[in-house]
Amino acid sequence: MSLTQSDKKHWAPIPQVKVWLKEKFGSGSVLDIGPGHSPLEWSTAAVDFVDVPGVKNFSKCDLANEPLPFSDKQFEFVYCRHPLEDMFNPFPLLKEMERVGKAGYIETPSPICELTRGVDGTSPKWRGYHHHRFVIWVGNN
């Protein structure tokens, strides 16, 4: 496979997934964890470890070392798209997500993306992303 600068990147949220999530969870309170460059438009609050300009009801929090600044079960839905694989220890944040949310969605890169060269446009010549700490597999649904 040839690695080129013109291949499409697949870093943005999948539109069909966002539509499905909004239909199911879009009417209640929604927390976006790690909105970065692709904030969830219909979230009612957001939190990240860096400032994210333009995101409504934003709180800055050290996601790796501080509890989330929200009450137990404050949110109907928690949306967490792509911060977990970057963390040295994502397990405290996972516990916090469970504490503040009644339901949620977690998205991480696929193992194919992490274990294969050239899957994503302009991918490096090495396999996976060097800053990712975990490969996440789904088992038993």
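We use all heavy atoms of the structure for the numbers below, so side chains are in, but hydrogens, waters and symmetry mates are not.
- Between Pro39 and Gly36 the shortest heavy-atom distance is CD-O, 3.9 Å.
- For Phe49, the CZ atom sits in a loose shell: 12 or fewer heavy atoms of surrounding residues, nucleotides or ligands are nearer than 6.0 Å.
- The minimum heavy-atom distance between Ala46 and Val55, with the atom names listed, is CB-CG1, 3.4 Å.
- In this structure, Tyr79 and Leu40 approach most closely via the heavy-atom pair CG-CD2, 3.6 Å.
- Between atom CD of residue Glu85 and atom CD1 of residue Ile106 there is a gap of 11.0 Å, rounded to the nearest 0.5 Å.
- Distance CE/Met97 to CG/Leu68: 8.5 Å, rounded to 0.5 Å.
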Output side-chain donor-acceptor pairs under 3.5 Å for residues 17-25, partner residues at least two apart or in another chain, one line each.
residue: Lys18; atom: NZ; partner: Glu41; partner atom: OE1; Å: 2.9
residue: Lys18; atom: NZ; partner: Glu41; partner atom: OE2; Å: 2.9

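- Considering only heavy atoms from C-beta on, Ile33 stays 4.5 Å or farther from Leu84 through its side chain.
- Considering CG of Asp72 and CD of Glu96, their distance stands at 8.5 Å, rounded to 0.5 Å.
- The side chain to side chain donor-acceptor pair (under 3.5 Å) contacts involving residues 48-67 comprise Asp62-Asn65, where partners must be two or more places apart or lie in separate chains.
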Let me see the working for Asp32 and Thr44 under side chain to side chain contact (heavy atoms under 4.5 Å, CB included), right down to the final yes or no.
CA-CA 8 Å; Asp32 186 354; Thr44 57; over 6 Å; no
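- Side-chain atoms of Gln74 do not come within 3.5 Å of backbone N or O of Val100 as any donor-acceptor pair.
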Candidate pair Phe70 and Leu31, rule side chain to side chain contact (heavy atoms under 4.5 Å, CB included), full reasoning
CA-CA 10 Å; Phe70 307 107; Leu31 174 62; 3.7 Å; yes
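- Counted within 6.0 Å of NZ on Lys95, heavy atoms from surrounding residues, nucleotides or ligands total 12 or fewer; the atom is thus considered open.
- Side-chain N or O atoms of Thr108 include none that pairs as donor or acceptor with a backbone N or O of His82 at under 3.5 Å.
- To the nearest 0.5 Å, atom NZ of residue Lys73 and atom NZ of residue Lys102 are 9.0 Å apart.
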Using the rule given for ring pair (Phe, Tyr, Trp, His ring centres under 6.0 Å), can you reason through Phe77 versus Tyr105, listing the C-alpha separation, both sets of side-chain angles and the distance that settles it, and then say yes or no?
CA-CA 8 Å; Phe77 183 69; Tyr105 173 80; 7.1 Å; no
Stepwise side chain to side chain contact (heavy atoms under 4.5 Å, CB included) check, Trp42 with Val30
CA-CA 8 Å; Trp42 43 275; Val30 177; 3.6 Å; yes
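- Clustering ILVMFWY residues whenever any of their side-chain heavy atoms sit less than 4.5 angstrom apart, transitively, puts Phe88 in a cluster other than the one holding Phe91.
- A 4.5 Å side-chain heavy-atom check between Arg81 and Pro13 finds at least one atom pair inside the cut-off.
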